Amino acid sequence: MVLQPTRDDLRIAWLTALAVSIHLLESALPSPLPGVKPGLANVITVAVLIYFGWAMAAWISLLRVTAGSVLLGTFLSPTFVLSLSGAVASIFVLGLVTLSTGRTLLGPVGYSILASMAHVSGQFAVAYLLFIPHPGLFRLLPIVMSAALLFGVLSGIIAHHMLRRLTHP
């Protein structure tokens, strides 16, 4: 029995490969604070959410984190756990917003900001619960959430322009 990939399977594979490539390139960038990255691979997640729906966006996000961590050599490390917790929190929030209404209410910038803020919140919760159970950790939260807001806006603007190019070539 030979499994034939569906059109959606191929689309998920291609978009995941694109997101993983961006993720790998971004991992080479220097960071002013540990863990603070622009999250440009999330541009793909937001664009897919708007263009193809939540389920495909969830697949791409989770596959990106898993494949990226395997390729970077961080699979099952604390880095992977934090990255996965951020992705799960982000997908959960995006799912609440889109699945509860049955449609997309926000634009790319709104979704990107929500995803970015949820990602950081999920990472901080897991970091506190599993790795650094000290209240001092939360002193970093305003700085990291500010960066998440800034990068969320930036990623949303990029996703907006990307979607506009896809719908109006």
Side-chain angles (χ1 to χ4, degrees), residues 8-99 104 106-127 143-167:
D8 280 349
D9 293 337
L10 296 174
R11 190 174 287 132
I12 288 170
W14 186 86
L15 290 165
T16 299
L18 180 60
V20 168
S21 298
I22 295 168
H23 179 83
L24 294 174
L25 288 172
E26 193 173 61
S27 72
L29 296 175
S31 175
L33 282 173
V36 175
K37 296 283 184 180
L40 294 175
N42 290 320
V43 167
I44 305 302
T45 304
V46 169
V48 168
L49 173 74
I50 292 169
Y51 212 73
F52 298 111
W54 180 83
M56 192 176 291
W59 269 112
I60 289 168
S61 182
L62 297 175
L63 288 169
R64 174 189 54 83
V65 168
T66 304
S69 70
V70 168
L71 292 170
L72 290 171
T74 60
F75 185 63
L76 299 182
S77 71
T79 300
F80 168 73
V81 171
L82 290 173
S83 184
L84 182 63
S85 65
V88 167
S90 174
I91 288 298
F92 178 76
V93 167
L94 292 175
L96 280 177
V97 172
T98 58
L99 298 176
T104 54
L106 304 174
V109 175
Y111 284 125
S112 185
I113 291 169
L114 273 178
S116 184
M117 302 297 260
H119 189 94
V120 169
S121 299
Q123 286 183 322
F124 261 80
V126 169
I143 296 166
V144 178
M145 287 298 254
S146 296
L149 177 62
L150 174 70
F151 291 135
V153 169
L154 176 67
S155 294
I157 291 169
I158 294 169
H160 170 76
H161 287 290
M162 187 175 100
L163 286 166
R164 210 171 71 188
R165 296 286 298 232
L166 288 172
T167 56

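Because the structure is predicted, anything quoted here is derived from the model rather than measured.
Between the T16 side chain and the A13 main chain, no donor and acceptor come within less than 3.5 Å of each other. A donor-acceptor contact shorter than 3.5 Å links the side chain of S69 to the backbone of V65. Remark: the backbone N or O of K37 is not paired with any side-chain donor or acceptor of E26 at under 3.5 angstrom. Side chain of S83 to backbone of T79: no donor-acceptor contact under 3.5 angstrom is found. Looking at Q123, its side chain does come within 3.5 Å of a backbone N or O of L82 through a donor-acceptor pair.
Of all the heavy atoms in A148 and V120, the pair that sits closest is CB-CG2, 3.6 Å. Residues A89 and G122 approach most closely at CB-CA, 3.8 Å, considering heavy atoms. Heavy atoms only, all atoms of each residue included: A118 and S90 are closest at CB-CA, 3.8 Å.
The ring-ring contact (aromatic ring centres under 6.0 Å, His included) test applied to F80 returns F75, not counting sequence neighbours.
Residue pairs meeting the side-chain hydrogen bond (donor to acceptor under 3.5 Å, both in side chains) criterion with at least one partner in residues 50-62, sequence neighbours excluded, do not occur; the list is empty.
Checking V88, L84, V81 one by one against V126, the side chain to side chain contact (heavy atoms under 4.5 Å, CB included) holds for a single residue, V81.
In this structure the side chain of V43 never reaches within 4.5 angstrom of the side chain of I22, judged on heavy atoms.
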